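First listed ligand is number 1; within each ligand, the first listed atom is number 1. None of these values were measured; they are calculated from a predicted model. Atom set for the values below is all heavy atoms of this structure, side chains included, hydrogens, waters and symmetry mates excluded.
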Amino acid sequence: MSAQRGHRITNEELFDRACKVIPGGVNSPVRAFKAVGGTPFFVAKGKGSYLFDESGKRYVDYIQSYGAVILGHADGRVTSAVSRAASRGTTYGAPTLGEVALAELIVARVKGCDMVRLTSSGTEAAMSAVRLARAFTGREKILKFDGCYHGHSDALLVAGGSGVASLGIPDSAGIPRGAVENTVVAPYNEVPSLDSSYAAVIVEPVAANMGLVAPKADFLPELRKRCTESGVLLIFDEVITGFRVGPGGASVYFGVQPDMWCFGKVIGGGMPIGAFGGRREIMELLAPIGPVYQAGTLSGNPIATAAGAAVLSILNEESYEALERRAERLASGLTKAFSEAGIEAQVQRFSTLIGIFFGKEGVTNYLEAKASVSLDLYPGFFAGMLSRGIAFAPGPYEAVFVGLSHSTEDIDRTVEAAAEVAGQMAK
Ligand SMILES: *Cc1c(COP(=O)(O)O)cnc(C)c1O
């Protein structure tokens with residue numbers, strides 16, 4: 001043993017330190033491993049499909065920052081765009097060419113989305129889209145679907161799926177009744193009845209915060225029809241699906257055009273970002289030309305827009321075909337691994353997105369997702385995979401993110417590991 005290296009810090013030591021100065025040790029709840037047990041690993045660096053923790057352990061990563069890094073970690077084309085931008089200054093509080101370029105890239109790809117405003121997170125995008133929809137319609141009620149997540153703003157957190165769901169907190173403390181009295185929650189995949197008291201319906205066109213639940217064939221077209229009939233604005237929250245299920249996101253994929261969109265994750269290339277957009281007549285109600293106030297010190301940040309523009313310029317039809325082939329290989333491999341071990345599981349894939357549900361039946365809404373999660377098989381699967389160097393999300397309601405950096409070998413290794421873990425679970 002020649003290499004007597006210095007003591008490497010363990011995840012347990014770091015988590016102890018973190019818990020002293022950060023509530024729960026994390027800056028976003030799902031990262032704390034509460035839903036799966038154990039200690040979170042602290043990432044030292046990422047490269048492509050891999051994460052390396054502070055103790056030096058390598059993981060094949062299917063979290064991919066919840067979909068924010070579609071090209072994989074530390075892609076050279078993105079990191080050089082980031083360092084070029086940073087060398088010119090990190091934020092100015094004045095408009096830049098980079099914001100215009102990213103907005104142009106988005107509107108060019110998303111049919112019907114005439115204008116966008118950039119924010120620093122998806123939460124802000126959804127919150128601002130709702131404010132704008134209320135101003136445009138002069139109405140106050142909004143409808144969201146059970147298990148869809150639209151960020152953590154007061155009015156939208158009800159029945160929010162994702163981390164809220166895996167912690168078993170149906171909503172959140174600290175939200176005044178008044179903030180949600182105009183939010184109506186309806187089951188996903190059922191077209192709700194609407195009337196002229198509603199300003200907007202907000203929906204994840206493919207639900208990716210309650211595992212992965214695809215829309216039934218007529219759900220989105222019928223929802224579009226019903227919204228139009230009642231003068232209700234339809235908002236697609238494409239913070240995950242945007243530029244992930246295809247070059248134009250879900251609205252282009254399905255040929256269903258909402259009135260407004262929310263974006264985030266992919267469009268920032270891993271930097272903090274969000275955007276909301278829509279028809280010109282709606283967007284022009286925003287200050288400074290209209291009466292709806294919305295702002296942000298770091299909105300349209302030059303580093304975030306440079307990273308996002310680099311990513312969107314790289315993605316093309318072939319990227320999505322490649323992504324879908326990988327997702328298909330992983331989904332069918334996992335399905336086979338579970339069925340050969342005699343574990344009842346549904347690996348639900350839609351386009352490039354995957355969700356794993358344990359149980360006999362496919363999942364179409366949040367009630368069914370919760371029933372699957374209550375079987376409590378995910379934590380064992382998660383732990384078995386993690387110990388084999390494969391990181392799925394530390395919560396049963398998160399999607400599996402395959403990226404362009406995952407190789408065939410990564411996927412095949414994942415499937416082999418899943419077969420071992422499923423075999424152990426069956427015992
Ligand atoms: C992640 C997410 C958000 C929130 O975005 P943040 O950048 O985390 O604030 C909103 N909607 C959907 C569908 C998301 O997946």
- Query: Are a donor atom and an acceptor atom from the side chains of S49 and D410 found within less than 3.5 Å of each other?
  - Reply: yes

- Message: Given a heavy-atom cut-off of 4.0 Å, could you list the residues near ligand 1 in chain and number order?
- Response: S121, G122, T123, Y149, H150, G151, E204, N209, D237, V239, I240, K265

- Can you pull the salt bridge (charged side-chain N to carboxylate O under 4.0 Å, His left out) pairs that have at least one residue in residues 60-80, sequence neighbours excluded? D75-R77

- Query: When the aromatic ring centroids of F52 and F42 are compared, is their separation below 6.0 Å?
  - Reply: no

- Item | Test item: side-chain donor near acceptor, E54 and N11, under 3.5 Å | no

- Output field: ring centroids F392/Y59 closer than 6.0 Å: no

- Would you tell me whether E368 and T364 have side-chain atoms, one donor and one acceptor, within less than 3.5 Å of each other? yes

